[in-house]
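The next block holds one structure in the form of structure tokens; read it before the comments.
Heavy-atom basis, side chains included; hydrogens, waters and symmetry copies ignored.
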Amino acid sequence: MVEVKSIHLQNKAFIGMHLQLPTYPVYLITSTKTILTQQMFDIRYFQKERSIAVIITEYRYGFEALLHAPVIAMNEIARRRGVTTMMSGKEALLLCEAKKA
């Protein structure tokens, strides 16, 4: 099963994607500037991505939980935009959306 949902935060629109895999459900919240996802992904996979901020949070179930989970890793673009560990996913997502690349 795949669920695609529109998520609105502070007058900004994001795409929420839920992939129901056999073992673990995957949740991502994306825009043209940022990917917010769970720790089931290794940040090293995203290090080659040079045009989009990638933020990884603790594993949580659901979009709301993903937004409230603490950040545990980010790529260099997100770091340059001010993202730090232990920020909430929502804080980091909105920070990356507000900053220019």
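Of all non-hydrogen atoms in Val83 and Leu95, the two that sit nearest each other are N-CD2, 3.7 Å. Closest approach of Met74 and Thr85 over heavy atoms only: CE-N, 3.8 Å. Shortest non-hydrogen contact noted between His68 and Ser88 is O-CB, 4.2 Å. Contact between Ile55 and Leu93 at its shortest, heavy atoms only, is CD1-N, 3.8 Å.
Taking Tyr27 as the reference, His18, Tyr61, Phe63 meet the ring-ring contact (aromatic ring centres under 6.0 Å, His included) condition, with sequence neighbours excluded.
The closest side-chain heavy-atom distance from Ile15 to Met17 is below 4.5 Å. Using a 4.5 Å heavy-atom cutoff, the side chains of Ile29 and Leu67 are in contact. Taking the side chain as every heavy atom from C-beta outward, Pro70 and Met86 approach each other to under 4.5 Å. Between Ile56 and Val71 there is no side-chain heavy-atom pair separated by less than 4.5 Å. A heavy-atom distance below 4.5 Å is found between the side chains of Leu94 and Gln10.
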Subject >> side chain to side chain contact (heavy atoms under 4.5 Å, CB included) evaluation trace for His8 with Lys12 >> reply: CA-CA 6 Å; His8 297 275; Lys12 297 192 182 298; over 6 Å; no
Original post:
Should Leu66 and Gln38 be marked as a side chain to side chain contact (heavy atoms under 4.5 Å, CB included) after you check the CA-CA gap, both sets of side-chain angles, and the distance that decides it?
Top reply: CA-CA 7 Å; Leu66 179 62; Gln38 307 151 306; 3.9 Å; yes
Original post:
After noting the C-alpha distance and the side-chain angles of Thr57 and Thr37, does the key distance pass the side chain to side chain contact (heavy atoms under 4.5 Å, CB included) rule?
Top reply: CA-CA 6 Å; Thr57 67; Thr37 191; over 6 Å; no
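Rounding to the nearest 0.5 angstrom, the gap separating the SG atom in Cys96 from the CZ atom in Arg79 is 11.0 Å. With rounding to the nearest 0.5 Å, the separation of CZ in Phe14 from OG1 in Thr32 is 9.5 Å.
Under the 4.5 Å side-chain heavy-atom criterion for ILVMFWY residues, no single connected hydrophobic cluster contains both Val4 and Met1.
Between Glu97 and Ser31, the side chains place a donor N or O and an acceptor N or O closer than 3.5 Å (distance only, hydrogens not considered).
Electrostatic pairing of Glu58 and Arg60 counts as a salt bridge here, judged by a charged N lying under 4.0 Å from a carboxylate O.
A distance-only check finds a donor-acceptor pair linking the side chain of Asn75 to the backbone of Val54 [under 3.5 Å].
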